[in-house]
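Some notes on the structure that comes next.
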2 protein chains.
Amino acid sequence: MDETPVYGGAKKRPSTITDVAAEAGVAIGTVSRYLNGFPIRRGNRDQIEAAIAKLSYRRNAVAAAMKTDLTHMIGLLVPSFDEFHAVMLEDLARSVRKTGRALLTYCHSNDRRIMGEALDFFATQRVDALIMDGAPEVRDRVETLLGQGMPIIFYNNDIQGVPADRVMVENRMATHRAVSHLIDLGHRRIAILTGDMHDSSARLRLEGYQAALAERGIAGNPEYVVDGDWKSENAYQATRQLLALAKPPTAIFASNYGMAIGVLGWMKDQHLSVPDDLSLISFDDVALFRLHEVGITAIAQPLARIADVMTSLLVSRLGDGAELPARTMMLDCDIILRGSTRRIAASAGS
Amino acid sequence: MDETPVYGGAKKRPSTITDVAAEAGVAIGTVSRYLNGFPIRRGNRDQIEAAIAKLSYRRNAVAAAMKTDLTHMIGLLVPSFDEFHAVMLEDLARSVRKTGRALLTYCHSNDRRIMGEALDFFATQRVDALIMDGAPEVRDRVETLLGQGMPIIFYNNDIQGVPADRVMVENRMATHRAVSHLIDLGHRRIAILTGDMHDSSARLRLEGYQAALAERGIAGNPEYVVDGDWKSENAYQATRQLLALAKPPTAIFASNYGMAIGVLGWMKDQHLSVPDDLSLISFDDVALFRLHEVGITAIAQPLARIADVMTSLLVSRLGDGAELPARTMMLDCDIILRGSTRRIAASAGS
DNA sequence: TTGTAAGCGTTATCAA
DNA sequence: TTGATAACGCTTACAA
């Protein structure tokens, strides 16, 4: 069967360790040891290197993985490759690459069915570890994977009580600071566009907002708390409604950058000015906000650090730290002050 | 050896097809046939399904891949996850996912050494196919992979003469059209910021620019052709120099969006206006250009179509089209007219 | 329709 | 240090 002639002039199948061993005149065990960095007699080493070059041999990681149970692939499950995830991915890919691994990416588009498929896919592919935005819908599958020894890291959103590692940012504190800043600037009528309240990050950001107001003795106004569901379009409409109130807010806190863009869109369409007619702060900083005419004040997640921390968590988990208890890493966010927030007269904000 | 007790309460290792067969009281061949959709006797099927559920069994794709030589992974090699690639990746991930595969992503940061590592990594991982931005530096490795039967798709930039599939956009024609549009608006002094001339896309865009000028009898001015190397910072400096010329250009064509941003940066810093002081067209359309105050006229690559075409090319290659000759798919670009290009008096532009 | 067993390309064990 | 060989978990003839 192996006699089937190969047409097209090219040797089809990649060569194997057996080919290399034959070419070099040594046993396959010797080649394997060479490949894995064990000591080899000088002469044999040269033979093997020559054979590898001649055959353009590349180790078959699939076969190796079967023995070692190590695929050198990290599963990454993200909702989409929006600006936020793209930057995170960039940093993560780089930092994972340095450990000799690569990312197997799956994008679930916020479809819970696809999230399940993704988890199955990763289980099937036997990725060495998994990084994902925690979503309560797939708790069972996640627990199964953890039970089978798959290291999992949650970021962004949590699934409470699951014994996995976590890399989170100080959502509550950062929002608290941002809203306090608005208060310092004289704002009293401050609205928030919240994310999807199923997500822990949305809840924590709302808590930070409420705490900041309460601390300064500002009564919360339910009209100022709008469910934006993370979406730009909702934020666009919400801005319209907020500004139509009898007492419109003088400032809006957008719980993510997409909703901040929705706010900007409405303001632009109405020929209203940020910050003259409305101050705006966004959770998440994106390139657009830096390049925007006045600049948008934003909470910047430390994306590069998130990536690094994830990677070192992974390395420790995949090294000798497999049995350590789950760890949660909390990272601070910076508030980048730009032109979208302005001081207003105390009277105007009451 | 298998007797080693497992601590921690959880069954560590994932279960295997053998476990399922034992649990269900059938042979492993039967389980395998069930998994692969072959007909199974009703009773056995129920037994197997129950066993799979009980053991939360997931097929080990690593072992399967060893037999079938199919990993269901597509390698994707990109320079970075900038805005352009992020959107492409989003579409590609979705469209690849529908075929039951996922993307193994590697980011080379324009480092030729890392590009080589990436190709080795993909070879080692035995991805089913590879999508990459063509770069002449790795021609040898690419040819080796092709010789071993790995389907490869180039996008964006070509490696001439290599028998791979290609998905390209009409760089030349789109640039020609864009520049012609500037001429139609009365511009005569039109500058171009070129990309890195090692890249075929940069060369073709320059050709389109030159052809458009020549066709309208406008003499090319070498001072107006600036090597921007795709980089924002270079474009920033180049804009300064161009506008300092005795006869400064009235319009700039930026060969990619990064350089267009550099131009905008300089204009903003100098309190100069686009389009009043300078018209601007960018190759590549990004979210920023839509949201920009006046809007930036841009050439939009059909990213979703690129992703679809790549995927169908892949599917055909991995199906029965393995022996087909290499195909090149050329896609048209749209020119999105926005506010950054304005009509000028014919006299002003001469 | 099912059971049995060979084999995919490695790694790892064991003698030599 | 090396060679020979038994796994790893699956697919796929082949025989029943």
Side-chain angles (χ1 to χ4, degrees), chain A residues 1-4 11-48 51-52 55-73 123-128 148-149, chain B residues 1-4 12-48 51-52 55-72 123-128 148-149:
Chain A
M1 296 186 183
D2 281 315
E3 311 288 355
T4 322
K11 55 172 186 306
K12 266 298 186 195
R13 297 271 305 263
S15 42
T16 72
I17 198 173
T18 314
D19 302 330
V20 174
E23 176 74 28
V26 299
I28 60 169
T30 307
V31 179
S32 175
R33 281 189 295 270
Y34 166 80
L35 292 172
N36 292 291
F38 292 102
I40 290 289
R41 194 185 311 159
R42 178 62 184 274
N44 283 340
R45 157 189 282 273
D46 296 341
Q47 294 291 313
I48 291 172
I52 287 177
L55 301 172
S56 21
Y57 166 78
R58 295 287 177 272
R59 166 211 262 113
N60 182 336
V62 173
M66 188 146 113
K67 280 298 291 185
T68 60
D69 253 331
L70 249 31
T71 57
H72 302 285
M73 294 184 306
T124 289
Q125 291 292 340
R126 300 294 197 267
V127 293
D128 292 343
Q148 292 170 347
Chain B
M1 297 185 183
D2 281 315
E3 312 288 356
T4 321
K12 265 298 183 189
R13 298 272 305 263
S15 42
T16 73
I17 197 174
T18 314
D19 302 330
V20 173
E23 176 74 29
V26 299
I28 61 168
T30 308
V31 179
S32 175
R33 282 188 294 270
Y34 165 81
L35 292 172
N36 291 292
F38 292 102
I40 290 290
R41 193 186 310 161
R42 179 60 185 275
N44 284 340
R45 157 188 283 273
D46 296 341
Q47 294 292 312
I48 292 172
I52 287 177
L55 302 171
S56 19
Y57 167 78
R58 294 288 177 273
R59 168 212 261 110
N60 182 336
V62 172
M66 189 144 114
K67 281 298 290 184
T68 59
D69 252 330
L70 249 31
T71 57
H72 301 286
T124 289
Q125 291 293 339
R126 300 293 196 267
V127 293
D128 291 343
Q148 292 170 346

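Chain letters run A, B, ... following the sequence lines, proteins first, then strands; residues in each count from 1.
One can place CD1 of Ile28(B) at 9 Å from P of dT11(D), the figure rounded to the nearest angstrom. Atom CZ in Arg58(B) sits roughly 17 Å away from atom C1' in dG9(D) (whole-Å rounding). Look at CZ on Arg126(B): it is 17 Å from C1' on dC10(D), rounded to the nearest Å.
Nearest to the side chain of Arg33(A), among dT2(D), dG9(C), dG3(C), sits dT2(D). The Met66(A) side chain lies nearest to dC8(D) when the options are dT11(C), dT10(C), dC8(D). When distances run from any side-chain atom of Ile40(A) to the nucleotides dT10(C), dT11(D), dT2(D), the shortest one goes to dT2(D). Nearest to the side chain of Arg41(A), among dT11(D), dC8(D), dT1(D), sits dT1(D). Listed nucleotides: dT4(C), dG3(D), dT11(D). Nearest to the side chain of Leu35(B): dT11(D). Looking at the side chain of Lys67(B), the nearest of the listed nucleotides dG3(D), dG7(C), dT10(C) is dG7(C).
Within the 4.0 Å cut-off from OP1 or OP2 of dC8(C), not a single side-chain nitrogen or oxygen of Asn60(A) is found.
Screening Thr30(A), Val26(A), Leu35(A) for a side chain to side chain contact (heavy atoms under 4.5 Å, CB included) involving Ile40(A) leaves a single residue, Thr30(A).
Among the protein residues, Asn36(A) comes within range of the sugar-phosphate backbone only, with heavy atoms under 4.0 Å from sugar or phosphate atoms but none that close to a base. Within 4.0 Å (heavy atoms only), Tyr34(B) reaches no atom of the nucleic acid at all. Residue contacts shown for Val62(B) are absent, as no nucleic acid heavy atom lies under 4.0 Å away.
Summarising the geometry of Val62(A) relative to Arg126(B), their closest heavy-atom pair is CG2-CB, 4.1 Å, with the distance given to 0.1 Å.
Interface remark: the Arg13(A) side chain does not form any donor-acceptor pair with the dG9(C) base, using a distance-only criterion of under 3.5 Å.
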